[in-house]
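Protein chains get the first letters and strands the later ones, always in sequence-line order, with residue 1 at the start of each. This one's a predicted model, so the numbers in the text were calculated from it and none came from an experiment.
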Amino acid sequence: MRIILHVDLDYFYAQIEERDNPSLKGKPVVVCVYSDRGGGSGVVAAANYISRRYNVKAGMPVKTAEKLLKDFNPVFLPVRGEYYEKVSSEVMDIIRSYGDVFEQASIDEAYLDATRMLNGDFSQAPGHAVRLQADVYLKTGLTCSVGVSYNKLLAKIAAGYRKPNGVTIVAPGEAENFLKTLKISKIPGIGVKTTRILEDMGYRTVGELQAISVERLMDVFGRKTGLYIYNAARGVDDEPVKPRGPAAQHGRIKTLREDSRNPAYILSELETVIKELDQDLAFEALSFKTLTVVFVTVDLKTHSKSISFDRRFNSVSSLRKEILNLINSFLGENPYSIRRIGLRVSNLLKESGVRQLKLTLF
DNA sequence: GTATGCTTTCGGC
DNA sequence: TTACGGCCGAAAGCATAC
């Protein structure tokens, strides 16, 4: 039996701001991504627990959060992405030392396989998790929530069970009991859409979900997803904790100063995106074979158009003609104006040798 | 029918 | 009443080859 931990930093961006400025404690704190449109246009990236009491949530328009909090002395702050990345690396370096295998799942989440480190003795796992939590707090001043179980699925659900600053153990034999009263949306991968379908079928808890046959689930959701839901409802998961390699794609997207269907204007707004993406590629010594233009139309739907080449490029700046073609092709088949525009490169390869040495000297 | 590879969309954080 | 970012990986969808 494996010993798996899931570590989740609590309300990460907002907690960092609170840590760095203690006068924020006790107030609703909302960290926002503002676009270039002015007038406070943007969305909420993270909200502390006081904000959450007033129904403020990540993903919500900033304007909505302002209305919900107007009587409660809130603090709205712009995101400091690079700084949060740096804090994340410091925290991850601590977490890493508590497992044999470490997998960073996002900027504020990680999995550990600690089976060998604890000699396969599950009874040592709770103490291990508490020590990890205390160590992170002592060294960084940040709290996290930890889930401990014998697979990634249960460890992740467990981490979400007691927050913030919680530790939840789901020992072998306890999964059925732990799962049966949970709402089905607590299963990772079961989002709004799937929840709606299952609720319409009359299922609300994971316990109830266990009554559906695998055939029925595969019928409704397809082979792969259906089997996943069937197993997840039983706490069954054998995904290994595995270190993540470098990102498989790099992208930049921005909100246009005004909605538009003018290809020349859209391309001009892409200039900063091109510059930043090229800096990224140069810094990491990457080349790519596939270029994608990402469109978000005024109805907030995301679309994309891509082109693949049979040779590698190390910069997008020489591909403006291709970008323009993709924009025109999109406009030809879509009636909506464009609100946001971006670029993505994939099929990445690390440049090696002399070329890389030259680039990293900058 | 299966395997493979590419483009597009979905959804979590 | 509406309001709305910027990333990423995974899954879905589709075409092709055998």
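- The side chain of A:His303 approaches B:dT9 more closely than any other nucleotide in the set C:dA12, B:dT9, B:dT7.
- Residue A:Ser106 is in sugar-phosphate contact alone, with no base atom involved, counting any heavy-atom pair closer than 4.0 Å across all strands shown.
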Check against salt bridge (charged side-chain N to carboxylate O under 4.0 Å, His left out), A:Glu103 and A:Lys242: CA-CA 6 Å; A:Glu103 175 181 347; A:Lys242 53 176 179 297; 5.7 Å; no
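- Distance A:Leu300 CG to B:dC10 P: 13 Å, rounded to the nearest Å.
- A cation-pi arrangement is absent between A:Arg312 and A:Phe309, since the terminal nitrogen or guanidinium carbon is not both under 6.0 Å from the aromatic centre and inside a 45° cone about the axis.
- Rounded to whole angstrom, the span from the NE2 atom of A:His250 across to the P atom of C:dG9 amounts to 8 Å.
- Contact between the side-chain N/O atoms of A:Thr255 and the OP1/OP2 oxygens of C:dG5 is found at a separation under 4.0 Å.
- Aromatic ring pairs are classed by plane angle as parallel below 30°, tilted from 30° to 60° and perpendicular above 60°; the pair A:Tyr11 and A:Tyr49 is perpendicular.
- Nucleic acid contact class of A:Ala248 (heavy atoms, under 4.0 Å, all strands): sugar-phosphate only.
- A:Ala58 comes within 4.0 angstrom of nothing in the nucleic acid, heavy atoms only.
- Listed nucleotides: C:dG5, C:dG9, C:dC8. Nearest to the side chain of A:Gln249: C:dG9.
- Nucleotides C:dG5 and B:dG12, compared at atom C1', are 14 Å apart to the nearest Å.
- Taken together through direct or relayed side-chain contacts under 4.5 Å among Ile, Leu, Val, Met, Phe, Trp and Tyr, A:Ile197 and A:Val214 form part of one hydrophobic cluster.
- Picking from C:dA3, C:dA12, C:dC8 the nucleotide with the shortest atom distance to the side chain of A:Pro61 gives C:dA3.
- Within 4.0 Å (heavy atoms only), A:Thr64 reaches at least one base atom of the nucleic acid.
- For the OP1/OP2 pair of B:dC13 and a distance below 4.0 Å, the side-chain nitrogens and oxygens of A:Lys156 include at least one atom meeting the criterion.
- For the pair A:Lys186 NZ and B:dG12 C1', the computed distance is 15 Å after rounding to whole Å.
- Across all strands, A:Arg340 comes closer than 4.0 Å to base atoms (heavy-atom distances).
- Residue A:Ile107 contributes atom CD1, which lies 13 Å from atom P of B:dC13 at whole-angstrom precision.
- Nearer the 5' end of DNA chain C, as judged by each residue's closest nucleotide, is the contact made by A:Val44, out of A:Arg244 and A:Val44.
- Here the P atom of nucleotide B:dT7 and the CG atom of A:Leu343 are 16 Å apart, to the nearest Å.
- Among the protein residues, A:Ser308 comes within range of the sugar-phosphate backbone only, with heavy atoms under 4.0 Å from sugar or phosphate atoms but none that close to a base.
- When each of A:Gly59 and A:Asp280 is assigned the nucleotide of DNA chain C bearing its nearest heavy atom, the one mapping closer to the 5' terminus is A:Gly59.
- Rounding to the nearest 0.5 angstrom, the gap separating the OH atom in A:Tyr137 from the SG atom in A:Cys144 is 11.5 Å.
- Listed nucleotides B:dT7, C:dG5, C:dG9 differ in distance to A:Arg344; the shortest reach to its side chain belongs to C:dG9.
- None of A:Arg339, A:His303, A:Arg340 except one satisfies the side-chain hydrogen bond (donor to acceptor under 3.5 Å, both in side chains) rule with A:Thr297; the exception is A:His303.
- Atom-to-atom distance recorded for A:Arg252:CZ and A:Ile274:CD1 is 13.0 Å, nearest 0.5 angstrom.
- Phosphate proximity of C:dA11 to A:Thr225: absent, as no side-chain N or O sits under 4.0 Å from OP1 or OP2.
- Look at A:Ser304 and you won't find any side-chain N or O under 4.0 angstrom from OP1 or OP2 of B:dT7.
- When rounded to the nearest whole Å, the span between CG of A:Asp259 and P of C:dG5 equals 10 Å.
- Here C:dC4 presents its P atom at 16 Å from NZ of A:Lys301, a figure rounded to the nearest Å.
- Rounded to an integer number of Å, the gap from A:Asp10 CG to B:dC13 P is 14 Å.
- Nucleic acid contact for A:Lys57: none, since no nucleic acid atom lies under 4.0 Å from a heavy atom of the residue.
- The base of C:dT2 sits with one of its N or O atoms less than 3.5 Å from a complementary donor or acceptor on the side chain of A:Lys67.
- Side chain A:Arg339 to base C:dG6: no donor-acceptor pair is found below 3.5 Å.
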